[in-house]
Amino acid sequence: MRHARRRVVRRVTRLAAVGGLLLGGTMVTHAVASEPGTPDAVPFSTASPADADAAGPGADLVRRLGTSRTAGSWVGEDGRTVVAVTDEEAAAEVRAAGAEPKRVRHSMDDFDSATRTLSSAPRVPGTAWMKDYRSNQVVVRGDSTVSEDDWSSLTEVADGIGDFVRMERVGGTFTTRLAGGLPVLSTAGRCSAGFNVTDGQREFILTAGHCGPQGSVWFSDDGGRKKVGTTVGGSFPGDDYSLIAYDGGKAGENAGVVAVGGGKGVRITGVAEPTVGQRIFRSGSTSGLRDGEVTALDVTVNYPEGTVGGLIESDVCAEPGDSGGPMFSEGIALGVTSGGSGDCRSGGITYFQPVTKALADLDLKLIVAPGEDGGSPSPAPSQAQGVAAPDAATPGSSTSVRGILPDPSTLVSRLADPRNVGPGLLVMGGSLVALVASRWIRAEQDRKAYRRQYSATWG
């Protein structure tokens, strides 16, 4: 009876092992067959500033009235466009266009003359200047690294320009944010992926120029095993943008989505110029999703590494490692993180490279996401209606994030992922072990039975 039970156990074990081999083979076949299609098959659309009017209604009015009669525009707390004008005739034209005029003393021509004079003075790292449309002043800032002698020299230059130049000392230091979207790492440090762009054939990551020189190799893990791509061009200082060419030439799934943390992303549906007073959102690999307000445009910052002009200023915070991360609002791409001062505990100032300038210089288009139903992307907010009131603005429509960058997972998690061949191979391996073991157990039992028979016969 005991021998009969052993035979049943051996047979069941062999059958289970053979079944495991068949199941494992089926799992491997299914995993290979269900591998994601080639990046060429991923649908996406593109957008560029030329595809739509990139300027809001305030910028249109400023352009139409001229720089001698206006001094910028911004969004009021109620979402209404405000335009600074120097004469009553210009104010009447602004009212007729449905915007609100504000009479000021100094024009955009005065602002431009002042910033040219500041730029021609000896360069002082740790300083920055901006055109403050709402106060009708040019504001010069100096961080904690600027010496008293340098600050006094710059103050003398400002005094020579006129009383509409305001000097401000600020805490912290103006630095580039090199340490999200998602993190990309190289020997130069850690940055964040910005937006995906294309030249019609290849696809790239648009990120900050200070993140690394041409030829820098980028990975999505700190072990250097998941290569993302290589920096193939950019501009820094002067501007602050660069291109990382994807290692396989394509961005892959979710190319038109930016990660905001927690496995979530925001669909990017267009590109535009920001407006002073506009509520914006920034995502970075260090501090995640943060929001703030655009406080100035065409800002010049004297970083230790060099001077960068034409930047967007915001009161949103950022930290090292957030460099290159995307800045957007209502799903519209606006900028990539450049630098600033402060942090997300105490607050600070952050500067962004405008996406429109980078796309124009590089002759590229932004990759935008298909609509929520998989069709054409949602249209950009109508510029004719103005920018949403700051308290009503949102990042944009959300979606889950998959496949934006290679997944820096461990070997164990990759083997356990049912979408990979690992689980099937594990089942097949276990089945082979069981099959071999059952054969060895049977051979060992036969050998012992023979010994017992031999001993009884020839004892």
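Note: Thr350 OG1 to Glu319 CD = 9.5 Å, rounded to the nearest 0.5 Å. In this structure, Asp315 CG and Arg290 CZ are separated by 13.0 Å, a value rounded to the nearest 0.5 Å. The OG1 atom of Thr115 sits 9.5 Å away from the CE atom of Met108 when rounded to the nearest 0.5 Å. Taken from OG1 in Thr86 to CG in Leu65, the straight-line distance is 9.0 Å, to the nearest 0.5 Å. Note that CZ of Phe195 is 9.5 Å distant from CG of Leu359, once rounded to the nearest 0.5 Å. Rounded to the nearest 0.5 angstrom, Thr176 OG1 and His210 NE2 are separated by 4.0 Å.
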(message) Walk me through whether Ser107 and Arg69 qualify under side chain to side chain contact (heavy atoms under 4.5 Å, CB included).
(response) CA-CA 6 Å; Ser107 69; Arg69 304 173 66 200; over 6 Å; no
(message) With side chain to side chain donor-acceptor pair (under 3.5 Å) as the criterion, how do Ser68 and Asp109 come out once you've worked through the C-alpha distance, each side chain's angles and the decisive distance to 0.1 Å?
(response) CA-CA 6 Å; Ser68 64; Asp109 286 346; 4.6 Å; no
(request) Could you please spell out the steps behind the side chain to side chain contact (heavy atoms under 4.5 Å, CB included) verdict for Val83 and Lys102? (result) CA-CA 6 Å; Val83 180; Lys102 179 181 179 180; over 6 Å; no
(request) Could you give me the CA-CA distance, side-chain angles and deciding distance for Val157 and Thr117, then say whether side chain to side chain contact (heavy atoms under 4.5 Å, CB included) is met? (result) CA-CA 8 Å; Val157 174; Thr117 301; 4.1 Å; yes
(message) The test is side chain to side chain contact (heavy atoms under 4.5 Å, CB included); show your working for Glu305 and Phe236 and say whether it passes.
(response) CA-CA 9 Å; Glu305 301 93 333; Phe236 180 81; 3.7 Å; yes
(request) List the steps, then state whether salt bridge (charged side-chain N to carboxylate O under 4.0 Å, His left out) holds for Arg116 with Asp112. (result) CA-CA 6 Å; Arg116 282 195 299 270; Asp112 291 340; 5.1 Å; no
(request) Kindly determine whether Thr286 and Arg190 satisfy side chain to side chain donor-acceptor pair (under 3.5 Å), including the steps that lead there. (result) CA-CA 9 Å; Thr286 299; Arg190 177 165 65 88; 3.0 Å; yes
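Counting heavy atoms from C-beta outward, Val138 and Asp132 have side chains that stay 4.5 Å or more apart. Two residues are said to be in side-chain contact when any heavy atoms from C-beta on lie closer than 4.5 Å; Leu311 and Thr300 fail this criterion. Inter-residue side-chain proximity for Glu100 and Thr81 is flagged as unmet; no heavy-atom pair is nearer than 4.5 Å. In this structure the side chain of Ser346 reaches within 4.5 angstrom of the side chain of Asp343, judged on heavy atoms. In this structure the side chain of Val140 reaches within 4.5 angstrom of the side chain of Val165, judged on heavy atoms. Considering only heavy atoms from C-beta on, Ser341 stays 4.5 Å or farther from Thr173 through its side chain. Residues Asp199 and Asp363 have side chains not in contact (no heavy-atom distance under 4.5 Å, counting atoms from C-beta outward). The shortest side-chain heavy-atom distance between Trp151 and Arg169 falls under the 4.5 Å cut-off.
The shortest non-hydrogen separation linking Pro326 to Ala193 is CD-O, 3.4 Å. When every heavy atom of Gly256 is checked against every heavy atom of Ala369, the shortest pair comes out as O-CB, 3.3 Å. Shortest non-hydrogen contact noted between Met167 and Ala158 is SD-CB, 3.6 Å. Shortest non-hydrogen contact noted between Gly270 and Val368 is N-CG1, 3.7 Å. Of all heavy-atom pairs between Val228 and Ser220, the closest is CG2-N, 3.6 Å. The two residues Leu334 and Ala272 make their nearest non-hydrogen contact at CD2-O, 3.4 Å.
Without hydrogens or angle criteria, Asn196 side chain to Ala255 main chain gives a donor-acceptor distance under 3.5 Å. Under a 3.5 Å cut-off, the side chain of Asp143 and the backbone N or O of Phe174 do form a donor-acceptor pair. Looking at Thr230, its side chain never comes within 3.5 Å of a backbone N or O of Gly215 through a donor-acceptor pair. Of the possible donor and acceptor atoms, none in the side chain of Asp239 sits under 3.5 Å from a partner among the backbone N and O of Tyr241. Proximity of a side-chain donor or acceptor of Asn254 to a complementary backbone N or O of Val257 within less than 3.5 Å is not detected. A distance-only check finds no donor-acceptor pair linking the side chain of Lys227 to the backbone of Tyr246 [under 3.5 Å].
Ion pairing of Arg64 with Asp60 is absent here, as no side-chain N (NZ or NE/NH1/NH2) approaches a carboxylate O to less than 4.0 Å. Salt bridge Asp78/Arg80: absent, no basic N to carboxylate O contact under 4.0 Å. By the 4.0 Å N-to-carboxylate-O rule, Glu168 lies close enough to Arg166 to be salt-bridged with it. Taking the charged nitrogens against the carboxylate oxygens, Arg282 and Asp322 do have a contact shorter than 4.0 Å, which makes a salt bridge. Salt-bridge formation is not detected for the pair Arg279/Glu330: no Lys NZ or Arg NE/NH1/NH2 atom is positioned less than 4.0 Å from an Asp or Glu carboxylate oxygen.
In the model, Thr127 has a side-chain atom that pairs as donor or acceptor with a side-chain atom of Asn302 under 3.5 Å. Side-chain contact annotation: Asp149 with Ser147, donor-acceptor N/O pair under 3.5 Å absent. Under 3.5 Å, the side chains of Glu293 and Ser314 contain no donor-acceptor pair of N or O atoms. Thr198 and Glu203 form no side-chain donor-acceptor contact under 3.5 Å, judged by distance and modelled atom types alone. Looking only at atom types and distance, the side chain of Asp150 has no donor-acceptor partner in the side chain of Ser153 under 3.5 Å away. Between the side chains of Glu313 and Thr295, at least one donor-acceptor pair of N or O atoms lies under 3.5 Å. Side-chain atoms of Thr231 and Trp218 form a donor-acceptor pair, as typed in the model, at a separation below 3.5 Å. Side-chain contact, Ser338 with Tyr303: a donor N or O sits under 3.5 Å from an acceptor N or O.
Around atom CD of Glu88, more than 12 heavy atoms belonging to other residues, nucleotides or ligands sit under 6.0 Å away. Within a 6.0 Å radius of CZ in Arg105, no more than 12 heavy atoms belonging to other residues, nucleotides or ligands are found.
Because its NZ or CZ atom is not both nearer than 6.0 Å to the ring centre of Trp129 and within 45° of the ring axis, Arg141 does not count as a cation-pi partner of that residue.
For the pairing with Asp240, the side-chain contact (heavy atoms from CB on, under 4.5 Å) check across Val308, Val336, Thr337 returns one residue only, Val308.
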